[in-house]
Amino acid sequence: MLDLIAHNLAPIMFVTVMAMLLIGYPVAFTLAAGGMYFFVVGVELSHISPEIRLFWPLAQANMNRVFDVMRNDTLLAIPFFTFMGLILERSRMAEDLLDTIGQLFGTLRGGLAFAVVIVGALLAATTGVVAASVIAMGLISLPIMMRYNYHPGLAAGTIAASGTLAQIIPPSLVLIVMADQLGRSVGDMYVGAFFPALIIVGMYCAYIFAITLIKPSWVPALPPEARPLGNGGASLYIIIGLAIALFFICDLFVFDDLRYETRVVWSALVATIIPYAFALLNRARNLGYLSKMAEQVVIVLIPPLALIFLVLGTIFLGIATPTEGGAMGATGALIMSIMKGRLDRKTLLQALDSTAKLATFVMFILIGARVFALTFYGISGDRWVEELLLALPGGEVGFLITVSIVVFILGCFLDFFEIAFIMVPLLAPVAEKLGIDLIWFGVLLGFNLQASFLTPPFGFALFYLRSVAPIKAWHDETTDRMIEPISTKSIYTGTLPFIIIQIVMLGILIAFPGLVTHYKTEPAIMNQGDINQEINNIGGGGFGLPGSGLSLDGGLSLPGSPSLGEPGNGMPAMPSFGAPSEPAEGGALPAPGGLPAPGGASGLPKFD
């Protein structure tokens, strides 16, 4: 009996811990307790099975693993983006966006539904929190959609699906955690997810457009009395054209002597500030140059769009890391709230309190997952998972389909943090062995988790919407009539078409990996002259501290520095840091030998 347990300890541990999680025990404590319990069992059975490589001194490694979690700079982006989202949500940005965009598209059939999808994408790109997006749009849009006779299922499904866009549109917390667990750049993960996220938004809009043709009575246009801002008129097109013209003029002529990244940032800044200032002046002085709709669109849309560019634009252009982008986003959210006069002490304390709770939640789960992983790897659990998955028929495609089904099912019961910290570290080595790009794999998992958030009966987004949807008939003062409540059945059936869209999108991503892997198609190179100039700006002819021996004069070298790969120091051999003494053809310096180029490119970042 002991032989049987010893040789199957890995599957026993995995099944036991997953069962405890599904029963409802706290995740962090279940993982840590399971890890410690099976560590003791493994040590006692280590003399029976050679597959168990656990011994008592190894338990001390848990302290180092905990400190590794606390030293992880990438995870700092989580509290920054969470704080940014909470500040924006409490400053009623969603309310302003839904009101303005709803009236902008109100003349169209399905205009409110289009507005919900667009606002869902904007909220996803600024808040990155599913619960906040679903609840805000459920409170604001659902009563209006029901007032003007939208189909209950369509209205509920559109709101729930649009809220889950926060799962896969950067700066998604899911993508940050995926990148961390897969050992890849968060910036690459954001770039890889960008095009698929735009495609899924377009597919949602295409579905609503199809409904306007097939069932126009489900998505009526707003009546004129529901659009007090009127139409945008010519002034709206003129102000949009002015912003576009300002961007290209600044990019081509005003800032043409700056680097590309800096030129884009300054051009975008000018192209947004001037129309925004003009709209504010038009409202303050009652000049009448802009229609009410044009004025409202500029004043409401430009701040969140500028914030999105401040965060994502600087990350995509390589100006800031995701952690730095999150810090800038949090600062920008505070500035926006102060400018609107909607930031008070209570709001700030609530946002800080919620951010601290989420950050602590993530940290404890990750610490528990590290304790679990130490034991699981010590009993050869990684080999068991690898052999199990590599034995699947179909190779790469069979692996992806099986993993998608398993993660989809688990996503109906477990939070994405739990799946990311438990399952992803076990799946990533197998995916890499099969030759699957890990950024592509991470984006696939992100879309899979988004679908699981929508799936009845346990989808989290469905619970968020159910908590704010009316459960009793209510009297609408605007139309002076009783409006029927939203049933749970309507919420479930309304999400089914969007789940089908998600499954189709997963198939597209599996069939066309280039939609994600485009992040590594453009090699970045650095000019040797720019390198020397940057070094001279720092000071001195070398690159580093006096006496370090580190120099870029003719190549990278580390003479006299201690070896990090010597036997006995506990560290593996490091890759060679030597580079050719002559620059590559065309004056470009290739990436140092043995080191991968940043972002999967073939060289160093471009400075010119």
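Closest approach of Gln502 to Ala451, counting heavy atoms only: CB-CB, 3.8 Å. When all heavy atoms of Ile168 and Leu175 are compared, the pair lying nearest together is O-CD1, 3.7 Å. Scanning both residues, Ala121 and Leu165, for their nearest heavy atoms gives N-CD1, 3.9 Å. Scanning all heavy atoms of the two residues, the minimum distance from Val424 to Met178 falls at CG2-SD, 3.8 Å.
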Residues 317-332 side chain polar contacts: donor-acceptor under 3.5 Å, at least two apart:
from: Thr321; atom 1: OG1; to: Glu324; atom 2: N; distance (Å): 3.2
from: Thr321; atom 1: OG1; to: Glu324; atom 2: OE1; distance (Å): 3.4
from: Thr323; atom 1: OG1; to: Asp73; atom 2: O; distance (Å): 3.1
from: Glu324; atom 1: OE1; to: Thr321; atom 2: N; distance (Å): 2.9
from: Thr331; atom 1: OG1; to: Ala327; atom 2: O; distance (Å): 2.9

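Partners of Met70 by side chain to side chain contact (heavy atoms under 4.5 Å, CB included), not counting sequence neighbours, listed by chain and number: Val66, Phe67. By the side-chain hydrogen bond (donor to acceptor under 3.5 Å, both in side chains) test, Thr164 is found to be paired with Gln450, residues two or more places apart in sequence or in another chain being considered. Residues passing the ring-ring contact (aromatic ring centres under 6.0 Å, His included) test with Phe39: none are found, sequence neighbours excluded. Phe441 pairs by the ring-ring contact (aromatic ring centres under 6.0 Å, His included) definition with Phe399, not counting sequence neighbours.
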Legend entry - Criterion side-chain contact (heavy atoms from CB on, under 4.5 Å) on Asp437 and Glu432, from CA distance to verdict: CA-CA 7 Å; Asp437 182 90; Glu432 196 163 24; over 6 Å; no
Inset, instruction - Before giving the answer on side-chain contact (heavy atoms from CB on, under 4.5 Å), spell out for Val174 and Leu445 the whole-Å C-alpha distance, their side-chain angles and the decisive distance to 0.1 Å. - result: CA-CA 9 Å; Val174 174; Leu445 292 180; over 6 Å; no
Inset, instruction - Let me see the working for Asn62 and Arg65 under side-chain contact (heavy atoms from CB on, under 4.5 Å), right down to the final yes or no. - result: CA-CA 5 Å; Asn62 278 319; Arg65 294 168 71 82; 4.2 Å; yes
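Leu434 has its side chain out of reach of Leu400: every pair of non-hydrogen atoms, C-beta onward, lies at least 4.5 Å apart. For the pair Gln181/Val177, a side-chain contact is recorded, criterion being any heavy-atom separation below 4.5 Å from C-beta on. Side-chain contact between Leu426 and Tyr377 is present, with at least one heavy-atom pair separated by less than 4.5 Å. Leu312 has its side chain within reach of Pro171: a pair of non-hydrogen atoms, C-beta onward, lies under 4.5 Å apart.
Among residues at least two apart or in separate chains, ring pair (Phe, Tyr, Trp, His ring centres under 6.0 Å) pairs with a member in residues 161-201 are Phe194-Phe316, Phe195-His518.
Without hydrogens or angle criteria, Arg184 side chain to Ile439 main chain gives no donor-acceptor distance under 3.5 Å. Listed for the Ser185 side chain is a donor-acceptor partner under 3.5 Å among the backbone atoms of Asp188. Using modelled atom types, no side-chain atom of Asn448 and backbone atom of Val407 make a donor-acceptor pair closer than 3.5 Å. Here the side chain of Ser162 pairs no donor or acceptor atom with the backbone of Gly120 at under 3.5 angstrom.
No hydrogens or angles considered: a donor-acceptor pair under 3.5 Å links the side chains of Arg53 and Ser380.
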